[in-house]
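Both backbone and side-chain heavy atoms feed into the values below; hydrogens, waters and symmetry mates do not. Residue numbers start from 1 in every chain, and the chains themselves are labelled A, B, ... in the order their sequence lines are given, proteins ahead of strands. Because the structure is predicted, anything quoted here is derived from the model rather than measured.
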Amino acid sequence: MSSQLFHRIYEIVLRIPKGKVATYGQIARLAGNNRAARTVGWVLHALPDESPAPWHRVINRSGRSSFPEAAKRSLQRALLEQEGVVFDENGVVDLAVFQWDGAES
DNA sequence: GCATTGACTCTAG
DNA sequence: CCTAGAGCCAATG
């Protein structure tokens with residue numbers, strides 16, 4: 001399959017433990033392409049509705065979501081806060097604390 | 001099949 | 001902090 005990268009990224013996203021977040025670049029690295037962050041973004045934006053993938057746990061390297069719509073960002077923030085992730089006054093997640101190690105669950 | 005775009009990231013200035 | 005260029009992958013026109 002040529003879309004194996006899609007599947008790989010998908011599995012990695014599903015592996016993100018609750019209360020943690022991962023960056024596009026991190027997922028891309030785990031998927032085998034350290035710079036395919038754009039593809040990760042594409043996978044998440046193209047996820048079907050029935051996808052259990054926690055897209056809200058995926059953020060950019062700044063610890064902030066890059067949604068074109070503020071509504072989704074608010075939703076993502078709410079979901080993460082429900083899982084115990086804290087946002088600062090700028091709406092940024094402390095990656096030093098909440099970024100997924102990528103090695104456990 | 002080529003060109004453009006996109007929920008990205010890195011390096012350099 | 002901001003801009004610019006390069007790299008990667010798939011969708012879309």
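Distance CD1 (A/Ile9) to C1' (C/dA11): 14 Å, rounded to an integer number of Å. Look at OH on A/Tyr24: it is 6 Å from P on B/dC8, rounded to the nearest Å. The nearest whole Å value for the distance from the CG atom in A/Asn33 to the P atom in B/dC8 is 17 Å. With rounding to whole Å, A/Trp42 atom CH2 is found 12 Å from C/dC9 atom P. Atom CD1 in A/Ile12 sits about 21 Å away from atom P in B/dA7, given to the nearest Å. A straight line from CZ of A/Arg64 to C1' of B/dC8 spans 16 Å, rounded to a whole angstrom. Between the CZ atom of A/Arg35 and the P atom of C/dA6 there is a distance of 13 Å, rounded to whole Å. In this entry the distance linking OH of A/Tyr10 with P of B/dA7 reads 20 Å, nearest Å.
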Could you go step by step and tell me if A/Trp42 and A/Tyr24 meet the ring-ring contact (aromatic ring centres under 6.0 Å, His included) rule?
CA-CA 10 Å; A/Trp42 159 77; A/Tyr24 298 97; over 10 Å; no
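Between the side chain of A/Glu81 and the backbone N or O of A/Phe87 there is no donor-acceptor pair closer than 3.5 Å. At least one donor-acceptor pair closer than 3.5 Å links the side chain of A/Asp94 to the backbone N or O of A/Ala96.
Note on A/Asn34: every side-chain N or O is 4.0 Å or more away from OP1 and OP2 of C/dC8. A/Ser66 has a side-chain polar atom (N or O) that falls below the 4.0 Å cut-off from OP1 or OP2 of B/dC8.
Looking at A/Arg57 and A/Glu83, a side-chain N of the basic residue comes within less than 4.0 Å of a carboxylate O on the acidic one, giving a salt bridge. With salt bridges taken as basic N to acidic carboxylate O contacts below 4.0 Å, none links A/Glu69 and A/Arg73.
A gap of 14 Å separates the C1' atoms of C/dG7 and B/dG6, to the nearest Å. Using C1' as the reference atom, B/dG1 and C/dT12 are 13 Å apart when rounded to the nearest Å.
Comparing B/dT9, B/dA7, C/dC9 by their closest approach to the side chain of A/Leu44 singles out B/dA7. Comparing B/dA7, C/dA10, B/dC10 against the side chain of A/Arg29 picks out B/dC10 as the nearest. Among C/dC8, B/dC10, B/dA7, the nucleotide with an atom closest to any side-chain atom of A/Arg61 is B/dC10.
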